[in-house]
Amino acid sequence: MTHAIAFTAPQPFWRPGTPASRGAIVQPQILRFATDEFIEELLATLERDPGALPQYAAQPETWREPMGAPAPDPLRWTDRQPTRLLPLLRRRAAKAGVPAVVAPKPLKLYQPAHQRHYLVAASLVCRRPGLPDRAVDPARQSTSLVMRRLFPRDSEAPAPLPDIADLSAWDEYAWVLTGKTGEWRHVGPADAEGAAATLLVGEERLPTFPARYHEVAGQPRRLAVGSVPVGRRETYQGAQRRGGSGPDPVEPDPRGVMFRMQVLGPWKALVTSAMLNGAVGGDPDDLAALKAARLPRIFPKKDDGYDTDKPDLGVLRAERARLQTASWFLLLDLLLFLREQLPAFWNDHVLANQRPADAALRAFWDALAAVAMPVGLVTDSAGNPATLASPATPDDLSLAEQCPGYAVLVDLLAALRRAAAETEGALDFEGMLEAAPDPLALPSSGRATGWPSFLYLFADPWFGIAAPPEPAAFEPTATDYLAERITARIDTLAELLEDVLAQTARATAKLPEPGLAARTPADLREAWYRIRFVHERPDCAPFEDTLVSRATVPFQMAGFFDPDAPARPIRIGLPLDISPAGLRKFDKNAVFVMSDMLCGHLDRFKGMTFGDLVLSVLPWPFHKGLDVPDKGPCKQGGLELGVMCSLSIPIITICALILLMIIVALLDLIFRWLPLFVVCFPLPGFKGKKGSGS
């Protein structure tokens with residue numbers, strides 16, 4: 001004979017004589033613990049005083065107003081009373097009574113980093129007098145948890161969320177695993193328990209464990225307990241949803257995501273680098289406006305500022321060499337993408353130099369063909385190559401004489417074809433780094449040293465930017481930076497590519513799945529969640545269906561840096577005796593491993609001071625460029641070697657603390673952060689050396 005079963009709150013929550021509603025009795029309960037030994041605390045409470053379990057019910061709290069809970073007593077968690085005394089102890093504790101718990105405020109759960117742990121507990125009982133526990137055979141049955149999220153039915157961002165107490169305005173969604181993460185799929189109205197208490201195919205089950213104890217009357221009981229995954233808050237918050245009143249998400253094509261990450265991202269970074277102090281407003285195609293936004297360090301310093309009429313030719317040469325190295329790798333990434341992901345477009349049109357007839361391909365082709373390097377980089381104002389050493393005018397600063405042995409290309413498609421011809425299938429520019437480790441001094445022999453034999457700059461600090469035309473839908477304002485307008489032009493390539501990918505099958509299956517950063521969250525507002533218990537009996541189907549419990553109270557999950565979160569106590573002990581005799585006692589057991597190239601770069605900064613770093617980021621007239629000539633990789637006896645630096649952690653802690661206080665003190669000049677950042681208390685008699693100061 002079988003009996004109907006149901007999930008209820010844990011038996012200690014069935015308090016007779018309390019005004020608790022029937023809905024609260026059948027709800028699973030969320031338990032809050034403020035110690036890392038929360039499992040030991042739970043089991044000890046169930047053994048000695050199960051009637052005190054309601055005191056652990058999660059309640060709204062902040063670090064300013066922590067919730068009342070039993071004081072931590074580690075001795076109780078490990079001490080075990082004689083078995084014959086336990087019934088007497090339970091009855092005595094039951095007479096004291098447990099006050100009813102009321103939660104007038106919204107519930108927010110914090111992360112383990114905040115020293116908060118949350119368990120959700122419920123009892124699986126038979127619908128018989130006394131509500132005895134239902135036995136669970138782990139070999140044929142399972143009990144688990146499912147996460148549910150509540151989405152507003154009609155309210156869209158940026159409007160405020162409806163009142164969580166009114167469930168008629170919310171829909172419930174289940175977390176279904178898809179790919180690396182998952183998505184929220186519509187289950188039903190949140191206020192309709194029959195519709196919401198269903199299990200979807202592919203819905204993630206979270207594990208539970210049994211906790212056995214004896215109630216006050218001596219009857220054995222069994223709790224199903226599971227952990228609330230507050231640590232996965234960012235995954236849940238940034239996921240998409242499907243179904244319900246809102247539109248279904250559009251799955252991003254991984255090829256488009258790869259194009260943005262490998263090509264457009266570095267391209268826009270080059271633009272930002274070449275226009276570090278970009279001007280506001282203006283026409284991106286106006287050369288005078290672009291020159292007003294050029295790097296200030298390419299101009300020679302004068303007593304009253306900078307000479308903006310003529311750049312420093314040596315600094316300009318180094319800047320162009322740095323940008324050219326990055327442009328070569330950007331060109332290679334674009335070549336690889338087109339060849340591997342759009343092979344037909346690459347072979348039939350780019351390599352053959354044939355304009356496509358298809359509208360989408362033709363628009364993408366035209367945008368690439370319009371990416372031309374400024375003509376001033378190739379010829380002077382008279383149309384002839386200029387001599388960089390003694391230019392006739394500041395505009396006669398072409399690349400032709402600056403880098404003899406190189407061909408200077410203007411067209412992006414021509415540069416792609418030239419790169420494809422020179423790489424000969426290897427598609428590897430590593431040889432140029434082996435031949436000339438210094439990217440700020442291009443060699444003069446071109447391809448013979450492993451470098452490409454042509455030059456193509458995506459961004460130049462003097463002549464401007466190579467970018468597609470400005471999109472027609474873009475409406476710039478007077479406060480837009482030039483770099484923003486140019487990056488908007490670069491983004492049009494991704495939009496045109498999406499039209500091409502929509503009608504092009506994938507050429508290869510080796511594509512990374514778009515991560516959460518490439519997906520648009522379903523709702524950026526703070527999310528509300530609920531948890532349900534699930535009891536599955538696959539061997540009993542179709543006679544006995546899967547049982548899904550009532551939902552817990554709605555709750556939110558705090559982020560890692562939530563301002564209301566309780567702070568885990570952290571104490572960093574610095575060395576007491578910082579004399580040479582005291583510091584030499586610490587073992588140097590922290591090792592940093594650096595390659596020969598990284599060692600050489602760090603060696604460049606040995607003569608630099610903190611004041612030099614501050615002056616390098618200040619605007620004119622305080623700006624002072626960094627003079628850090630490249631010294632190449634670390635060498636010893638002609639052999640290039642990496643290094644292993646062995647350091648002492650306490651000494652590093654002192655340095656980090658000093659640097660942190662310097663930075664905070666500087667920020668305090670503007671934001672007045674210091675009173676909110678640190679508090680110091682006097683410790684009488686706490687001395688570094690005995691007898692010092694006496």
Side-chain angles (χ1 to χ4, degrees), residues 1-31 42-43 45-54 56-57 83 86-88 90-91 93-95 97-98 100-101 119-146 192-199 205-226 530-553:
M1 179 179 179
T2 60
H3 300 277
I5 60 177
F7 279 104
T8 67
Q11 188 273 337
F13 285 82
W14 307 347
R15 297 187 298 273
T18 60
S21 63
R22 180 180 180 276
I25 294 178
V26 298
Q27 268 187 333
Q29 296 295 320
I30 301 176
L31 309 178
L42 170 67
L43 298 180
T45 302
L46 291 176
E47 179 185 14
R48 298 174 60 118
D49 185 14
L53 198 64
Y56 290 92
T83 306
L86 285 177
L88 179 61
R90 296 191 189 103
R91 292 189 181 94
K95 291 181 180 180
V98 178
V101 177
L119 300 175
V120 57
S123 296
L124 181 63
V125 300
C126 296
R127 293 179 179 268
R128 295 172 49 194
L131 298 178
D133 287 341
R134 171 63 181 263
V136 177
D137 184 1
R140 297 180 176 85
Q141 306 172 29
S142 65
T143 302
S144 56
L145 302 176
V146 290
E193 281 295 335
T198 57
L199 203 64
R205 277 77 155 177
L206 301 175
T208 62
F209 64 91
R212 303 181 184 276
Y213 68 100
H214 288 77
E215 60 174 298
V216 176
Q219 181 179 356
R221 287 286 183 180
R222 177 181 181 274
L223 283 182
V225 184
R530 301 196 298 189
I531 292 181
R532 296 179 183 270
F533 275 87
V534 176
H535 180 61
E536 297 180 270
R537 298 165 287 182
D539 291 344
C540 300
F543 305 103
E544 295 183 3
D545 296 330
T546 297
L547 175 65
V548 181
S549 74
R550 294 288 186 96
T552 62
V553 295

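Numbers for residues simply follow the sequence, beginning at 1. It should be emphasised that the depicted structure is a prediction, and the values quoted were computed from it without experimental measurement.
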Is the backbone N or O of Ser549 less than 3.5 Å from a side-chain atom of Arg532, with the two atoms forming a donor-acceptor pair by type? yes
Ile5 CD1 to Arg134 CZ distance, which is reported to the nearest 0.5 Å: 5.0 Å
In this structure, CG of Leu199 is separated from OG1 of Thr546 (nearest 0.5 Å) by 6.0 Å
Run Leu131 and Cys126 through side chain to side chain contact (heavy atoms under 4.5 Å, CB included) and show every step you take. CA-CA 6 Å; Leu131 298 178; Cys126 296; over 6 Å; no
All heavy atoms of Pro10 vs all of Gln29, minimum pair found to be CD-CG, 3.8 Å
Passing candidate, side-chain hydrogen bond (donor to acceptor under 3.5 Å, both in side chains) with Asp133, options Arg212, Arg222, Arg221: Arg221
Taking it one step at a time, do Gln11 and Gln219 satisfy side chain to side chain contact (heavy atoms under 4.5 Å, CB included)? CA-CA 11 Å; Gln11 188 273 337; Gln219 181 179 356; over 6 Å; no
Any heavy-atom pair between the side chains of Leu223 and Pro210 that's under 4.5 Å? no
Report yes if the side chains of Leu206 and Ile531 come closer than 4.5 Å at any heavy-atom pair, otherwise no. no
Scanning both residues in full, the closest heavy-atom pair of Pro54 with Pro12 reads CG-O, 3.5 Å
For the backbone of Tyr213 and the side chain of Glu215, can you confirm whether one donor and one acceptor N or O come within less than 3.5 Å of each other? no
Determine the minimum heavy-atom distance between Leu53 and Phe13, stating which atoms define it. O-CZ, 4.1 Å
Do you know which two heavy atoms are closest between Ala9 and Ser123, and how far apart they sit? O-OG, 3.7 Å
Exam field: side chain Thr208 to backbone Ala224, donor-acceptor pair closer than 3.5 Å: no
Please name the residue in the list Val146, Thr143, Thr8 that meets the side-chain contact (heavy atoms from CB on, under 4.5 Å) test with Phe533. Thr143
Quick one: pull up CH2 in Trp14 and CD1 in Ile25 and give me the separation to the nearest 0.5 Å. 9.0 Å
Taking all non-hydrogen atoms of both residues into account, name the closest pair between Ala6 and Leu547 and its distance. CA-CD2, 3.9 Å
Side-chain contact test, heavy atoms from C-beta onward, threshold under 4.5 Å: evaluate it for His535 versus Val136 and give yes or no. yes
Give the minimum heavy-atom separation between Ala121 and Val225, together with the two atoms involved. CB-CG2, 4.2 Å
